[in-house]
Amino acid sequence: MKAIRRFTVRPVLPDPLRPLSDLARNLRWSWHAETRELFQAVDPEGWRAAGCDPVRLLGSVSGTRLAELARDRRFLRRLSAAADDLDDYLRGRRWYQNHSLPDGDLPAAVAYFSPEFGVTAALPQYSGGLGILAGDHLKAASDLGVPLIGVGLLYRHGYFRQSLSRDGWQQEHYPLLDPNEMPVGLLRRTDGTPVRVSLALPAGRCLHAHIWVAQVGRVPLLMLDSDVEENGPSERDVTDRLYGGGSEHRLLQEMLLGIGGVRAVRAYCELTGHAAPEVFHTNEGHAGFLGLERIRELSEEGVEFDAALEAVRAGTVFTTHTPVPAGIDRFDRELVARHFGDGAELSGVDVERVLQLGMETYPGGEPSLFNMAVMGLRLAQRANGVSTLHGAVSRGMFAGLWPGFDADEVPITSITNGVHAPTWVAPEVFRLGARRIGVQRAEEALSVGGSQRWDAVGEIADSEIWDLRRELRDQLVTEVRTRLRASWRQRGAGSAELGWIDGVLDPDILTIGFARRVPSYKRLTLMLRDRDRLMEMLLHPERPVQIVVAGKAHPADDGGKRLVRELVRFADDPRVRHRIVFLPDYGMGMAQKLYPGCDVWLNNPLRPLEACGTSGMKAALNGCLNLSVLDGWWDEWYEPDFGWAIPTADGPTMDEDRRDDLEANALYELIEKRVAPRFYDRGASGLPERWIEMVRRTLANLGPKVLAGRMVREYVERLYAPAALAHRSLTTDAARELAVWKTRVRAAWPRVAVDHVEVDEASGVAELGSTLALRVRVALGDLQPEDVEVQAVAGRVDNDDRLRDAQTVPLKPAGGPDQQGRWVYEGPLTLDRTGPFGYTVRILPTHRLLAAGADLGLVALPTEATGEGAGVLMR
C-alpha cells in the first residue's frame, strides 16, 4: 500500500546535543571537514546511508544513540568546539570587513540571482556548470565575508536523475524532493505564518510562492517555491523541474525568479534586519526580470520610467555564461506582452517599454523575439564574460547592441571563473598541505589564495606526492566499481553476470577523466573517432591508459542521448570494459571522487564554445594535469610546464568531419607520444620524476589562480564596488538629469558629424616619436561641447586598414563655433610605434554619470569626403 500523505518525524535532541541542529542547518558543513567528521561520529553507518547529509542523519538516528552521545564527554567537547568554530566563522571579521577602497565604501549588500545553485548534493538544485559556479560563488563570498544574498528557485523535482537502459540509452527519473528533508527552512513572519510573494498573471490569475532559506555559511540563499495550496494546478507546477517545460512555463519560472526574487529579498531584509542590497547581480539572463521589478518599485515612488531605468542600471551587474546565441532564452514577443502591463504583472508600466528592453532590434536580430540576455545587458551598466576569451566572444556576439563600435570596445569585460577549493580539494590533499604549512595557512591558501602559500608545494617530497596520487587513484577505482555495479543492476544484470567488475580499472594505470554535460559542442565521443587506435591505447602492453567518463544529456536532446549511447556501447565491449567506463548520474558526489582520482583531465570542446570550463580547475587543485583544447580558462592560463594543449583545426571552410578527424588525431598523438610516456617514465628512484614535477607546478602555479576566492574578490573590486558607487551617485534627481540628457542627445545625434580633418603640414615626416597636429571641424547640432568628446583614435593598421591595438587621444575645442555653427577641435598625436600606422577621429557622447563612452551606442565617424589625414599614415 502507498501512503496518502508523507511527512518527516524529527527526533528531539537532548539539550547537550542541541548545537547539532545548528551545525546541520548551516551548509558550511559541506566544505568544513571537522564538522563532517563530527556528524560521521554520530553514526558511521547511518552517515553513509544518509548520503553524508546531516539533516537526513539526524532524522534517522535512534533515541538510544542520542542518549549515549549526550553522556559522551569526548563527543560533547568536539561538539562544543565545532559550534564555537561556526560562531567565530559567522561573526568574525573577514577579508571584506578589513578591505577598503580609495574611492568609497564597499556595498552594504549584494543580491546574487541565479536559476540554479550547486551548493551540496544534499540540496540538488543544479544541473551543471552554471549552478556549481553559483554555489561556489556563494561559498567563497561567505569565506571572504561578502554580504551576499543568494536568490533562486526551489525545484520540487530538481534536475533529473540519470540511469541507462540495457542498450545504453539515457533514462530520466524525477524523484520528489521534500523541503522538510533538506537543509532549508521556511521564511516566516513573527507570528509564524510563512512569507508569501505573489505575481499577477493574465485573466485574473495569481502565482504565489513561499520562500525557503538555506544558510550557506554567512550567506542566506532564498529559494522561491510555487508548490503552495493557494495556487491552481498549473501555477503549483511552475517550480517543478529545473529547465523543464515549454516556453510559457520557462517564462513564468523566470518571472518568478526575477520579479518574485526581488520581492523575496525585500521581505527577508525587512524581517531579519539584513542590509538592503545596493547591487543586484544577474547570473545569466534567466533572472533579468529583476530589473523590471526594481523599475516598478521606483515608479510607485513617482519616478518616471526613464529615470528609474537609469537608477536601476547603475546598480546592476550582468554576467553572461554562454558563447552561442542558441544558449540564450528567447520568447515570442506576444507571449511576453501578454504577461505584462494592465491586467497582468507590472501593471502601470508601459508594456511597450518592457518589450523594448528585450527585443532584438539590431542588425542580424529577430525583431519578433524577446531575448533575455539582451534585456540583461540593457538593464545593467556593467557586464562580464567568464574568461578572457569568452569576454572577447561575448563582445563580438552582442556587438549589435553598440553599433558603430569595434567589438573590442563593446562594454563587456571578463572575470575568469574560479572554484571553491575547500569543496573540491580532497581531504587527503588538504592534509598533506597542512602538514607542511599548518592547518590555518592551508585553509587560507584554499579560501583566500596567495602564491606564497601555494609555493610551499615545492617543499613536499616526490615520494609523498606520488603516494598521495596513488592513494587517490585507488579510492577512485573502488568508487567506480561500486557505481558501475549499481548501474548494471539498474540495467537488469544479475549478480552472476557482474564478476568482471572486480577487475575494472587498476590503481597503477594512467587514468584520464572526462565528465560534463553532453551538448554536441563538448564532443563526448571525439575519443571514438578511431576506435581501433583508442583500443590500442587502452590495451597497450607497456603504457596502458584507462578512462572514466560521465555526463548527462538534456532530456529533450536526443542527439546528446545518442552520443551517450555510442560511448556506453563502446565501454560495454568485453575487450575494453575493464579500461573504459561510463558512470551514469554525474553529480557533485561523484565529482568529488572523480577529480582527485584522475591523473589527466580531458576537455575537447569546439573552440571557442566553452565559456570557461571549471571542471579542469577542480581537477588541477588535486594535482590532476589538464589535457585540453585552448578554450575558456585553459586558453588563458595554459603553460607546457603543467599540461598539454590539444591543437585545433580552425578555418572558415573546414568541414566538420575533417576538423574532428584532425583534432582527434592530435589528441591520440599527445596521449601516445607525450602524456603516457611521461607518466610511465621512471627515474632512478623508481618514481616518474618529470610527471611529479608537473603535478607540483600545477598546484603551485594554477592553485592561486583558479580559486573562487580570487574570482569573488575581482567581482567586489571591479564590479560590485563601482556599481555601488554609481548607485549612490544616481539619486532620483541625478537619474532624472541623466535620463533627460540621454533623450536630448539621442534626438540631436543625427546632426552630429565630423565635417573635416586635417594635419598641420609643419608636423614633419612620420617618424617614430614625432608629433602630428590634428585639426578637426565638427558639427554638433543642438549639442554643446560639454555633451561630447572628440577623440583621435590611432594604432597599427592591418591590410584592410582596420585599426588594431588602438589608443584614444581627446581633442580640445579651439574657441567658439564659426558662422556655420561648426566647432574646431585640436590636439597632438604622437607616433609612438613603427610600422603600418593609422588614425581616425570620432565623436562620442559624454556625461559624468556614464560608465563607458559606448554606453549609448552612439558614435559619429568621418565619411570618405571628410578630408585628408583620416586614414593610413604609414605603410
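Note: hydrogens, waters and symmetry copies are ignored here, and every other heavy atom, side chains too, is used.
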Problem - Parallel, tilted or perpendicular: ring planes of F289 versus F340, cut at 30 and 60 degrees - result: tilted
Problem - Donor-acceptor contact below 3.5 Å, side chain E116 vs main chain Y126 - result: no
Exercise for the section: Look only at the side chain of D136 and the backbone of A708, and say whether a donor-acceptor pair between them is shorter than 3.5 Å. Expected result: no
Exercise for the section: Establish, yes or no, whether the cationic atom of R516 lies under 6.0 Å from the six-membered ring centre of Y586 and within 45° of the ring axis. Expected result: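 No, R516 does not lie over the aromatic ring of Y586.
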So, for [X] and [Y], which heavy atoms are closest and what is the spacing to 0.1 Å?
X: P722; Y: R382; value: CB-NE, 3.5 Å
X: A344; Y: R338; value: CB-O, 3.8 Å
X: L177; Y: Y155; value: CD1-O, 3.7 Å
X: N371; Y: E360; value: ND2-OE2, 2.8 Å
X: S414; Y: G391; value: CB-CA, 4.0 Å

Practice task
Using salt bridge (charged side-chain N to carboxylate O under 4.0 Å, His left out) as the criterion, point out the one residue from K561, R241, R161 that pairs with E172.
Solution key: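 By the salt bridge (charged side-chain N to carboxylate O under 4.0 Å, His left out) criterion, E172 pairs with just one of K561, R241, R161: K561.
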Exercise for the section: Starting from the C-alpha separation in whole Å, work towards a yes-or-no answer on ring-ring contact (aromatic ring centres under 6.0 Å, His included) for Y715 and H137. Expected result: CA-CA 10 Å; Y715 273 105; H137 195 107; 5.2 Å; yes
Exercise for the section: Check the pair L242 / Q125 against side-chain contact (heavy atoms from CB on, under 4.5 Å), numbers first and verdict last. Expected result: CA-CA 8 Å; L242 179 57; Q125 301 292 308; over 6 Å; no
Under 3.5 Å, is there a donor-acceptor pair linking the side chains of [X] and [Y]?
X: E235; Y: S226; result: no
X: W601; Y: N626; result: no
X: H286; Y: E254; result: yes

Exercise for the section: Evaluate side-chain contact (heavy atoms from CB on, under 4.5 Å) for W212 paired with M182, printing each intermediate quantity in order. Expected result: CA-CA 10 Å; W212 295 90; M182 295 191 290; over 6 Å; no
Handout entry: Lys/Arg N to Asp/Glu carboxylate O, K522 vs E610, below 4.0 Å
Key =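 Yes, charged N to carboxylate O under 4.0 Å.
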Exercise for the section: Decide, yes or no, whether a salt bridge links D635 with R607 under the criterion of side-chain N to carboxylate O below 4.0 Å. Expected result: yes
Check: [Y] and [X] side chains under 4.5 Å, non-hydrogen atoms:
X: F305; Y: E310; answer: no
X: Y159; Y: P124; answer: no
X: R266; Y: P277; answer: yes

Report the distance from atom [atom1] of [X] to atom [atom2] of [Y], rounding to the nearest 0.5 Å.
X: H210; Y: T239; atom1: NE2; atom2: OG1; value: 11.5 Å
X: F280; Y: E293; atom1: CZ; atom2: CD; value: 9.5 Å
X: M711; Y: T614; atom1: CE; atom2: OG1; value: 9.5 Å
X: R250; Y: L257; atom1: CZ; atom2: CG; value: 11.5 Å
X: D227; Y: L154; atom1: CG; atom2: CG; value: 9.5 Å
X: L256; Y: L224; atom1: CG; atom2: CG; value: 5.0 Å

Handout entry: Y112: which of T282, T319, N283 passes side-chain hydrogen bond (donor to acceptor under 3.5 Å, both in side chains)
Key =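 For Y112, the side-chain hydrogen bond (donor to acceptor under 3.5 Å, both in side chains) check succeeds only for N283.
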Practice task
Determine, step by step, whether T388 and E636 satisfy the side chain to side chain donor-acceptor pair (under 3.5 Å) criterion, reporting the C-alpha distance in whole Å, the side-chain angles of both residues, the deciding distance to 0.1 Å, and the verdict.
Solution key: CA-CA 7 Å; T388 299; E636 194 170 335; 3.1 Å; yes
Problem - Single hit among V629, L606, N604 for side-chain contact (heavy atoms from CB on, under 4.5 Å) with T648 - result: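 Of the listed residues V629, L606, N604, the side-chain contact (heavy atoms from CB on, under 4.5 Å) partner of T648 is V629.
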Practice task
Please check if the distance between the ring centroids of H321 and H390 is under 6.0 Å.
Solution key: no
Exercise for the section: Please find out if less than 6.0 Å separates the ring center of H281 from that of Y720. Expected result: yes
